[in-house]
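For the numbers below, each heavy atom of this structure counts, side chains included, while hydrogens, waters and symmetry mates do not. Just so it is clear, the structure is predicted and the values come from calculations on it, not from any experiment.
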There are 2 protein chains.
Amino acid sequence: MAPHQITIKDIAKILGISASTVSRALKDHPDISPKTKTMVQTFAKKVHYRPNALALNLRRSKTNTIGIIIPEMVHHFFSSVLAGIDKIAYDAGYNVMICQSNENYEREISDAQALLDNRVDGILMSLSKTTHKLDHINNLLDHGLPLVFFDRAPEELSVDKVIIDDLMGAKIATHHLISIGCKKILHLAGPQHLQIGKRRRQGYEDALTENGMEYNPNYVIKCDTMDEVYANAGQILEMASEIDGIFAVNDSTAIAAMQVLMKNDIKIPDHISVIGFGDGPNAKIAYPPLSTVEQKGIEMGQEAVKLLIKQIEENEVTTEPSTKVLTPVLRIRESTNKSRLY
Amino acid sequence: MAPHQITIKDIAKILGISASTVSRALKDHPDISPKTKTMVQTFAKKVHYRPNALALNLRRSKTNTIGIIIPEMVHHFFSSVLAGIDKIAYDAGYNVMICQSNENYEREISDAQALLDNRVDGILMSLSKTTHKLDHINNLLDHGLPLVFFDRAPEELSVDKVIIDDLMGAKIATHHLISIGCKKILHLAGPQHLQIGKRRRQGYEDALTENGMEYNPNYVIKCDTMDEVYANAGQILEMASEIDGIFAVNDSTAIAAMQVLMKNDIKIPDHISVIGFGDGPNAKIAYPPLSTVEQKGIEMGQEAVKLLIKQIEENEVTTEPSTKVLTPVLRIRESTNKSRLY
DNA sequence: CACCTTATTGCAAACGGTTGCAATAAGGAA
DNA sequence: TTCCTTATTGCAACCGTTTGCAATAAGGTG
């Protein structure tokens, strides 16, 4: 098996000097004589000496590792966040240790413990959907561990967080539909007991009233997955004749709605304009390509890790926790572009 | 800052006994008297003692961590592989340390070194597209580090690997087109200097000849991105009248082709059936939903990590490196289903 | 020549845990 | 009472590196 990685002690023994001298020589300590230094350094290079990170970590109680707890990896938004984190972290000399909670509260707890046990220098996390208590978070905080939340952050805790402005995003989307002339807009909404569903519906309502249009609860259907669209196809088709725009709580829902409408010979965007809310590259693939509000996953990851690194390196200076709010951007494609498609 | 995690030494001091006794009591060593044991154990529980993983790792030179080097995270296939790895690894008590090479050779080298420095117990990796030398791989091997490749494996090295049978996948796809009656099938091919492009084209050719059909090089167009499809739209449309099937080297190419055809009033699958090769969930989103050959990313991750854990735990028993070949599966949707769409 | 600097090196402790072996004390047998 | 077991505990070394401090030797000064 492993031909035993060479250590400082090995070098010391071979060169007939002490380990401390080797250690100092390797890092150019002024106390060491030039002769010894070059001797040690050239020898170390020759045998490909590499310090044992485990020993270093233990000594300094500093691992140069950032722990990440993420609900899901097979998800365009979250994997984008990971990519954003990774880039900045790598450039700053940190490794990342990633745990996937699988939207499972118990798993999230054990992940947090594992990262704590491994003495990561800080943690980035996004809460799982099933997390209903925050004891494990408070535990991390009690240990003084730097911690930054992204996307799904606990409202009641005063910690650093990076989130997106769902309300603004929904307003932007709805405004866009209005600006191209839509008068009756249907909203396919998410569950109203979740922040995300609530805020996006509220943004829709705000945009209407801001434009002097009436908010009609009958134009809000709870429907946020492709399957749910198929299940509610009848209801949607019934309304199709009276509406001229649809704002869906996410892209897959919007795409499913387009599929249903098109199969029934309703043209998009000619008869009805459709806009989604960005959960990935699906929008570009869709037919017609879907206008949507794009969540900048990469940017979110970058901002979060920057905050974390600041916490880690600016030790003790307990500044007030900051909340960074990212505003999503409108991407106009053919599903709301009445002039360009044909 | 951190209120200093409690250690075995702390417990020993407080309880007035030696650290070794505490250590043994905590792990139910038979030498320790029942009284001492319960005293130590209950006290440890009370103060939430947790062993310092760093110290353990150093002592045992075993980190219970698996290193992963992956070209890209924002990619459905690779993130699926990660998810597969994570599940098995977690159940087996391993953490994962993930590095993203970003398809960059230099970065891949530095990632490999970082994982080596951190003494991970083994490495799972998929080569970056720009990797042209294998010194860093051989370096890992020289250190006796367990190593398993997935998807993109070096052909010339005798190591464990888990790969996909591209040739078989392409054959399956082409066979399917033939089985539903296609007589003239166009192949939108990948670059022929890459394994993946070569094998998929070969599978297409094999399927034709196996069915007594003539292989015509004019029916192979090098074209493997959406943009390339748009650029070659003219050529594709010219051929559209003589062909009745398209096999594309990947899903996005197939989807772009469908878009181009549909805009020119060519019906799918009525006039032309289209099948892709699985790079993700796009196929379901497409209109019409795209038939494709699905690569099982999760399964690949699981198989790879199983091989790796076997290597790690079955120390020294240097069995022959094994290559596991996964066969992708056919997913039939409406783009090749002449009866169901309308 | 004795004494003080200064340059260079090594010793030993520390990070937090594990473990072989010695040490102690208590109990039993003769 | 004396010796031998046996049960229980502690000492010390170790994993690989860093670092405060002491130690040594060489050189300079009076």
Looking at the side chain of [X], which of [options] is the nearest nucleotide?
{"X": "A:Ser20", "options": "C:dG17, D:dT17, D:dT19", "result": "D:dT19"}
{"X": "A:Thr36", "options": "C:dC11, D:dT8, C:dT8", "result": "C:dT8"}
{"X": "A:Leu58", "options": "D:dT9, C:dG16, D:dT17", "result": "C:dG16"}
{"X": "A:Asp31", "options": "C:dT18, C:dT8, D:dC11", "result": "C:dT8"}
{"X": "A:Ala55", "options": "C:dG10, D:dG16, C:dT8", "result": "D:dG16"}
{"X": "B:Arg59", "options": "D:dT18, C:dT19, C:dG10", "result": "C:dT19"}
{"X": "B:Ser18", "options": "C:dT19, D:dC11, D:dT17", "result": "D:dC11"}

Let me know the distance between [atom1] of [X] and [atom2] of [N], rounded to the nearest Å.
{"X": "B:Lys62", "N": "D:dG16", "atom1": "NZ", "atom2": "P", "result": "17 Å"}
{"X": "B:Asp28", "N": "D:dT8", "atom1": "CG", "atom2": "P", "result": "13 Å"}
{"X": "B:Gln5", "N": "C:dG17", "atom1": "CD", "atom2": "C1'", "result": "14 Å"}
{"X": "A:Asn57", "N": "C:dG17", "atom1": "CG", "atom2": "C1'", "result": "15 Å"}
{"X": "A:Leu116", "N": "C:dG16", "atom1": "CG", "atom2": "C1'", "result": "15 Å"}
{"X": "A:Lys9", "N": "D:dA13", "atom1": "NZ", "atom2": "P", "result": "12 Å"}
{"X": "A:Leu54", "N": "C:dG17", "atom1": "CG", "atom2": "P", "result": "15 Å"}
{"X": "B:Arg24", "N": "C:dC21", "atom1": "CZ", "atom2": "P", "result": "12 Å"}

If only side-chain N and O atoms count, and only distance matters, is there a donor-acceptor pair under 3.5 Å linking [Y] with [X]?
{"X": "B:Gln5", "Y": "B:Asn52", "answer": "no"}
{"X": "A:Asn102", "Y": "A:Glu72", "answer": "no"}
{"X": "A:Ser20", "Y": "A:Ser23", "answer": "no"}
{"X": "A:Glu108", "Y": "A:His136", "answer": "yes"}
{"X": "B:Thr7", "Y": "B:Tyr49", "answer": "no"}

In short, B:Ala19 meets B:Ala12 closest at the heavy-atom pair N-CB, 3.6 Å
Is the distance from OP1 or OP2 of [N] to the nearest side-chain N or O of [X] less than 4.0 Å?
{"X": "B:Ser33", "N": "D:dA7", "answer": "no"}
{"X": "A:Thr21", "N": "C:dT8", "answer": "no"}
{"X": "B:Tyr49", "N": "C:dG16", "answer": "no"}
{"X": "B:Lys27", "N": "C:dG17", "answer": "no"}

Should the pair A:Phe78 and A:His75 be assigned to parallel (<30°), tilted (30 to 60°) or perpendicular (>60°) ring geometry?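 Plane angle between 30° and 60°, so tilted.
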* Asked: Nearest nucleotide by nearest heavy atom, which residue falls closer to the 5' end of DNA chain D, B:Ile17 or A:Pro51?
  ->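 Counting from the 5' end, the first nearest nucleotide belongs to B:Ile17.
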Review point. Could you give the angle between the helix axes at the two ends of the helix from C:dC1-D:dG30 to C:dA30-D:dT1, with five pairs per end, rounded to 10 degrees?
Key: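 The value is 80°.
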If you measure from the Lys or Arg side-chain nitrogens to the Asp or Glu carboxylate oxygens, is any gap between B:Asp121 and B:Arg60 under 4.0 Å?
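No.
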